[in-house]
There are 2 protein chains.
Amino acid sequence: MRIGELAEQAGTTTRTLRYYESRGLLPARRDGNGHREYDETDLRLLRQIRMLQDFGFGLEDTRPFVECLQAGHPAGDSCPTSLAVYRAKLAELDACIGRMQEIRTEVAAQLARAEVELSAGLPGGPDPQCALAHGSAPPLREAQEEATT
Amino acid sequence: MRIGELAEQAGTTTRTLRYYESRGLLPARRDGNGHREYDETDLRLLRQIRMLQDFGFGLEDTRPFVECLQAGHPAGDSCPTSLAVYRAKLAELDACIGRMQEIRTEVAAQLARAEVELSAGLPGGPDPQCALAHGSAPPLREAQEEATT
DNA sequence: GCTGGCCTTGACGCCGACGTCAAGGCCTAC
DNA sequence: GTAGGCCTTGACGTCGGCGTCAAGGCCAGC
């Protein structure tokens, strides 16, 4: 099958396939006209890459899986190197999720505080010079120092 | 104070401050030599921006906070537009965290399945042609934080 | 023979938040 | 005078994963 068909089968674009080839993943045979030729094996390879990409893996992270398949293993994750990538990615995910939850907590705290201050300052505070074009800016008097935590 | 000192106070670089200025945040006065001049107000502005950046906010997302401070409000989040950004970012964070947890679950499932298959296949399975030089130590990757989309 | 459709390679564009370099100006100290 | 240290503007580089041309080749159908 040719590049356009493979791209369609995998739900991606020809540009992407050529990019993968340029990165050394997904090699291609050529027919008489120099056109790339693919088979079902390549489709499986490609689907493997796409799945990992959907997980947020970088292209380089998919390489062990690709090499594993190319070596004749039944699946991309039939090799220890692939499993190592899984584990590393799990650790990354955990770290990332944890960090984002921390941030979420902090932002929520900021929002809550600011809401209280706004509602407390609204009834009759001074009026800062609001030369802003995008609408009303309600007054507020209570100032706060550093909010780094 | 001059740009180098402000950068140091805020724990950032002069390049960053000039970049902020070019984006219309953090304007600067000039002295006789054309050098930028800042004061404590600018430092507070800058700290506000940096805090939001640390939360993973894009620079454009900090603009309402900056304008709020510049309008004379006591804090960057003393304005409704800033609160709206907080809320939007919370929603983004929730979506992002949720997505990453889904992914985490899927990856963990893949890993578990692959581990079982490996241990089941190892004792006496076929030996694919492994022409790969996979004896090197696993690459240590830095954990990267994904921005909220 | 001509149009249309698929393919080829090559190269620049994009996004964000800067890093890094280049060339030059001004002031201070020695 | 000259070395050093701060500052200025401008412009190109970075990272990933492609998108988007541009210019051209080959083949099928009419």
Side-chain angles (χ1 to χ4, degrees), chain A residues 1-39 42 45-63 65-66 85 89 92 96, chain B residues 1-39 42 45-63 65-66 85 89 92 96 139 141-149:
Chain A
M1 101 183 83
R2 289 190 300 176
I3 194 169
E5 192 182 344
L6 179 62
E8 196 180 1
Q9 295 272 330
T12 183
T13 69
T14 61
R15 177 68 182 94
T16 296
L17 303 196
R18 279 189 274 259
Y19 178 64
Y20 290 171
E21 187 180 359
S22 79
R23 298 289 95 191
L25 314 157
L26 194 62
R29 274 110 352 218
R30 301 301 180 113
D31 69 8
N33 291 326
H35 293 179
R36 290 170 177 83
E37 273 265 348
Y38 303 93
D39 57 21
D42 297 309
L45 213 71
L46 182 50
R47 285 213 229 261
Q48 170 77 76
I49 295 174
R50 291 262 99 195
M51 187 186 68
L52 297 177
Q53 288 270 87
D54 289 344
F55 286 165
F57 286 34
L59 258 192
E60 277 311 309
D61 297 325
T62 73
R63 194 175 297 275
F65 296 80
V66 168
V85 172
K89 282 295 162 181
E92 273 183 37
C96 193
Chain B
M1 111 180 75
R2 288 189 301 177
I3 194 170
E5 192 182 344
L6 179 62
E8 198 181 358
Q9 294 272 331
T12 183
T13 69
T14 61
R15 177 68 182 94
T16 296
L17 302 196
R18 280 190 274 259
Y19 177 64
Y20 290 171
E21 188 180 356
S22 79
R23 299 288 96 193
L25 314 157
L26 193 63
R29 273 110 354 216
R30 302 302 179 113
D31 69 7
N33 291 327
H35 293 178
R36 290 171 178 82
E37 273 266 348
Y38 302 94
D39 57 21
D42 297 309
L45 212 72
L46 183 50
R47 286 213 230 259
Q48 171 77 77
I49 297 174
R50 296 305 297 177
M51 186 185 70
L52 298 176
Q53 288 270 88
D54 289 343
F55 286 163
F57 287 34
L59 256 193
E60 277 311 308
D61 297 325
T62 72
R63 194 176 297 276
F65 296 80
V66 168
V85 173
K89 282 295 163 181
E92 274 182 37
C96 193
R141 319 181 175 280
E142 302 169 2
Q144 62 175 9
E145 295 182 8
E146 299 184 6
T148 60
T149 50

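Numbers restart at 1 for each chain; the letters A, B, ... are given by sequence-line order, proteins then strands. Note that the coordinates shown come from a computational prediction; the quantities given were computed from them, not determined experimentally.
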Participant: Could you give the NE2-to-C1' distance, from H35(B) to dT28(C), as a whole number of Å?
Facilitator: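 Rounding to the nearest Å, NE2 of H35(B) and C1' of dT28(C) are 13 Å apart.
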Participant: Roughly how bent is the helix from dG1(C)-dC30(D) to dC30(C)-dG1(D) end to end, in steps of 10 degrees, with each end axis from five pairs?
Facilitator: 40°
Participant: At under 4.0 Å, does any side-chain N or O of R36(B) touch on OP1 or OP2 of dC7(D)?
Facilitator: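 No, R36(B) has no side-chain N/O under 4.0 Å of OP1/OP2 on dC7(D).
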Participant: Just the rounded figure in Å: distance from P of dC14(C) to OH of Y19(A).
Facilitator: 18 Å
Participant: Round to a whole Å and report the spacing from CG of D31(A) to P of dC27(D).
Facilitator: 9 Å
Participant: Please determine, by modelled atom types, if R18(A) and T14(A) share a side-chain donor-acceptor pair under 3.5 angstrom.
Facilitator: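 Their side chains do contain a donor-acceptor pair, which is all the 3.5 Å distance test asks for.
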Participant: Counting only side-chain N and O atoms of R15(A), is one of them less than 4.0 Å from OP1 or OP2 of dG16(D)?
Facilitator: no
Participant: Please give, in whole Å, the distance from dG16(D) C1' to R63(A) CZ?
Facilitator: 14 Å
Participant: Rounded off to whole Å, could you give me the CD-to-C1' distance for the E21(A) and dT8(C) pair?
Facilitator: 11 Å
Participant: Quick one: do I49(B) and L59(B) satisfy side chain to side chain contact (heavy atoms under 4.5 Å, CB included)? Show the steps, please.
Facilitator: CA-CA 8 Å; I49(B) 297 174; L59(B) 256 193; 4.0 Å; yes
Participant: Does the D39(B) side chain pair with the main chain of D42(B), one donor and one acceptor, at a distance under 3.5 Å?
Facilitator: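 Judged by distance alone, yes, a pair lies under 3.5 Å.
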Participant: Should R30(B) be listed as having a side-chain N or O under 4.0 Å from OP1 or OP2 of dT9(D)?
Facilitator: yes
Participant: Kindly determine whether Q48(B) and T62(B) satisfy side chain to side chain contact (heavy atoms under 4.5 Å, CB included), including the steps that lead there.
Facilitator: CA-CA 8 Å; Q48(B) 171 77 77; T62(B) 72; over 6 Å; no
Participant: What are the two closest heavy atoms between T16(A) and R50(A), and how far apart are they?
Facilitator: CG2-NH2, 4.0 Å
Participant: State whether K89(A) and E92(A) are salt-bridged, where the test is any N-O pair (Lys NZ or Arg NE/NH1/NH2 against Asp/Glu carboxylate O) under 4.0 Å.
Facilitator: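 E92(A) and K89(A): salt-bridged.
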Participant: Expressed as a whole number of angstroms, how long is the span from L17(A):CG to dG17(D):C1'?
Facilitator: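 Rounding to the nearest Å, CG of L17(A) and C1' of dG17(D) are 13 Å apart.
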Participant: Can you find a heavy atom in the side chain of R30(A) that is under 4.5 Å from one in the side chain of R36(A)?
Facilitator: yes
Participant: Identify which nucleotide among dC18(C), dG19(D), dG16(D) has an atom closest to any side-chain atom of T16(A), counting heavy atoms from C-beta outward.
Facilitator: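 Selected nucleotide (nearest to the side chain): dG19(D).
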Participant: Is any side-chain N or O of T13(B) closer than 4.0 Å to OP1 or OP2 of dG19(C)?
Facilitator: yes
Participant: What nucleotide among dG17(D), dA17(C), dG25(C) has an atom nearest to a side-chain atom of L59(B)?
Facilitator: dA17(C)
Participant: Tell me if a side-chain donor or acceptor on R23(A) pairs with a main-chain N or O of E60(A) at a distance below 3.5 Å.
Facilitator: no
Participant: Choose from dC18(D), dG19(C), dC7(C) the nucleotide whose nearest atom is closest to any side-chain atom of R50(A).
Facilitator: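 From the listed options, dC18(D) comes nearest.
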Participant: In this structure, how many angstroms lie between the P atom of dC18(C) and the OH atom of Y20(B), rounded?
Facilitator: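 After rounding, the reported distance stands at 4 Å.
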Participant: Return no unless some side-chain N or O of R18(A) is found under 4.0 Å from OP1 or OP2 of dT9(C).
Facilitator: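 Answer is no, no contact under 4.0 Å.
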Participant: Could you check how far CD1 of I3(B) sits from P of dG25(C), rounded to whole Å?
Facilitator: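 After rounding, the reported distance stands at 20 Å.
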Participant: Check this one for me: any side-chain N or O of N33(B) less than 4.0 Å away from OP1 or OP2 of dG25(C)?
Facilitator: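 For dG25(C), neither OP1 nor OP2 has a side-chain N or O of N33(B) closer than 4.0 Å.
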Participant: So does Q53(A) get a side-chain nitrogen or oxygen closer than 4.0 Å to the phosphate oxygens (OP1/OP2) of dG16(D)?
Facilitator: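 No, Q53(A) has no side-chain N/O under 4.0 Å of OP1/OP2 on dG16(D).
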